[in-house]
Amino acid sequence: DDAALRTPDGGVAALAGALGDDDHSAKRALDELRGADADGAALLAFLKERYAAESDAPALELVCRFVATRCADADADFAADARDHGATLRRYARCVRPLGRSVACKPLLGELLPGKPTRLDDSDEEVASAPPDVAGARCPVTPAMRFEDGARALLRTIAAFHTAAALARFAPKGFDPATKLKAAHVQAFAARAELFACCCLDDAEDVERRARTRCAPLWRRAAADDLSVAAYELGEAGFEQIGALSLDPCRRILAALSGSVGDALEAAARQLDAGLACVQLAEPYETARAAARDAARVAYEGGDALKAAAVLTRALAAGGASPKTCVDSYLLIAGAGDDSPKEMKASADVACAAAFGLAVGDAVLGPIFDARPAQRPLTK
């Protein structure tokens with residue numbers, strides 16, 4: 001617990017030195033615990049408490065090292081597990097060392113001992129598992145789902161350009177299988193972090209340069225490991241930019257990925273860019289913003305794009321958008337764009353006409369026939 005024996009990045013080299021110094025009080029205390037009984041049960045109990053209290057990989061590795069070397073007589077099986085777990089912790093600590101800060105590890109690597117309880121009593125379980133009010137939101141109602149979400153949250157904080165390669169090599173055998181995370185997730189999460197960093201740059205040339213040199217290689221490796229993971233995370237990275245001051249930086253990044261991430265992921269990037277363009281078209285019309293976001297996601301995820309485009313067209317028409325805006329939005333969601341065939345353009349024209357017909361009915365005829373007789377004078 002002595003902060004002077006810890007480094008800001010969670011290192012315990014000074015602590016390990018103190019525990020090896022015969023003149024240090026920590027070493028003498030440890031020897032007292034080891035000699036309290038014949039098999040070292042008292043020392044093992046203390047080390048288990050330290051394991052439950054620690055979160056950094058270097059400190060946990062030190063605990064596992066002492067368990068493996070000094071507590072084998074008390075619990076041989078646990079000591080063997082601690083030896084293997086310690087090796088995993090050492091590899092993980094090397095992977096995250098470039099971050100230069102303290103990093104948790106238990107959500108990704110699992111635990112030798114159950115962690116501290118997160119609830120005071122069973123009455124909190126129902127509150128913690130209550131479904132969210134947002135439609136389609138993920139609700140982690142089981143311990144397994146909460147474990148997966150915790151692992152994903154931790155990985156998103158440590159996956160970066162300088163740690164992605166090492167973590168990707170470590171993931172197949174190092175991550176707890178219950179996390180359901182693999183090398184592709186590491187690369188994709190690092191790519192999402194780089195994409196967000198690119199969006200924060202002010203200069204357009206800097207955005208494109210960083211996208212080509214740092215974003216693109218990560219997305220390419222993620223797609224090579226697992227295309228479905230890469231495409232899903234690319235979509236989430238784009239959709240989380242909706243609501244920002246401008247979608248132009250994100251769209252420039254998607255354009256910069258062309259020719260660098262493979263044909264399959266490039267197709268996903270083009271569809272995502274079309275969806276974001278549609279969101280930009282709908283931004284001036286309050287009635288169509290939510291419909292544009294929903295339509296963009298439906299089209300990107302391979303849903304019924306034509307139906308989503310028709311719904312969006314009606315929302316735009318009701319909001320006062322021009323016929324050109326409605327047709328352009330329809331074609332973007334339908335996946336055709338400017339090079340769409342005549343049949344698609346004809347379908348867009350039909351949908352636009354139907355949308356304006358409904359808009360006229362709602363805006364002109366609705367107030368006349370839906371109002372109460374006392375509020376509906378004949379002159380109206």
Side-chain angles (χ1 to χ4, degrees), residues 133-137 231-232 234-248 250-252 254-255 267-373 375-380:
D133 295 331
V134 180
Y232 174 81
L234 178 63
E236 292 302 303
F239 292 130
E240 73 179 1
Q241 295 300 316
I242 296 177
L245 293 178
S246 174
L247 290 175
D248 290 337
C250 184
R251 295 191 60 197
R252 279 196 290 269
L254 294 174
R270 286 194 297 270
Q271 181 60 60
L272 178 60
D273 180 65
L276 295 181
C278 183
V279 171
Q280 286 182 309
L281 286 176
E283 182 61 28
Y285 311 102
E286 185 176 356
T287 59
R289 292 172 188 168
R293 292 193 296 268
D294 294 342
R297 184 174 285 276
V298 168
Y300 184 78
E301 294 177 351
D304 192 343
L306 295 181
K307 182 178 179 180
V311 172
L312 173 59
T313 304
R314 290 197 292 270
L316 286 168
S322 68
K324 184 179 186 305
T325 299
C326 294
V327 171
D328 290 345
S329 298
Y330 185 98
L331 294 176
L332 285 170
I333 294 301
D338 295 334
D339 300 328
S340 55
K342 293 182 179 180
E343 293 79 4
M344 184 62 71
K345 290 183 177 180
S347 175
D349 290 337
V350 171
C352 183
F356 275 95
L358 291 173
V360 168
D362 292 337
V364 179
L365 302 179
I368 297 176
F369 293 101
D370 292 342
R372 295 178 181 177
Q375 300 172 345
R376 190 175 67 225
L378 293 178
T379 54
K380 191 172 184 181

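FYI, side chains are in, hydrogens and waters are out, and symmetry mates aren't considered; it's all heavy atoms of this structure.
Taking 4.0 Å as the cut-off between side-chain N and carboxylate O, Arg297 and Glu236 count as a salt-bridged pair.
Across all their heavy atoms, Ala288 and Ala282 have their closest contact at O-CB, 3.9 Å. When all heavy atoms of Leu316 and Ser329 are compared, the pair lying nearest together is CD1-OG, 3.3 Å. The shortest heavy-atom contact between Val279 and Ala296 is CG2-CB, 4.3 Å. Across Cys278 and Leu312, no two heavy atoms sit closer than the pair SG-CD2, 3.1 Å. Residues Ala348 and Leu331 share a closest heavy-atom pair of CB-CD2, 3.9 Å. In terms of heavy-atom proximity, Cys326 sits nearest to Ala317 at SG-N, 3.9 Å.
Phe356 CZ: more than 12 foreign heavy atoms inside a 6.0 Å radius. Counting heavy-atom neighbours within 6.0 Å of Glu240 CD, excluding the residue itself, gives a total above 12.
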query = Passes side chain to side chain contact (heavy atoms under 4.5 Å, CB included), Tyr330 versus Asp349? Steps please.
reply = CA-CA 9 Å; Tyr330 185 98; Asp349 290 337; over 6 Å; no
query = What do the steps show when you test Met344 against Leu306 for side chain to side chain contact (heavy atoms under 4.5 Å, CB included), and what is the final call?
reply = CA-CA 10 Å; Met344 184 62 71; Leu306 295 181; 4.3 Å; yes
message = Show, in sequence, the C-alpha distance, side-chain angles and deciding distance for Leu332 and Leu281, and conclude whether the side chain to side chain contact (heavy atoms under 4.5 Å, CB included) test is met.
response = CA-CA 10 Å; Leu332 285 170; Leu281 286 176; 3.8 Å; yes
request  = Determine, stepwise, if the pair Leu276 / Leu254 fulfils side chain to side chain contact (heavy atoms under 4.5 Å, CB included).
outcome  = CA-CA 10 Å; Leu276 295 181; Leu254 294 174; 3.9 Å; yes
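In this structure the side chain of Gln280 reaches within 4.5 angstrom of the side chain of Asp248, judged on heavy atoms. In this structure the side chain of Arg314 reaches within 4.5 angstrom of the side chain of Val311, judged on heavy atoms.
Expressed to the nearest 0.5 Å, how far OH of Tyr285 lies from OG of Ser322 amounts to 5.5 Å. Note that the CG atom of Leu272 and the CZ atom of Arg251 stand 10.0 Å from one another [nearest 0.5 Å].
Between the Ser347 side chain and the Glu343 main chain, no donor and acceptor come within less than 3.5 Å of each other.
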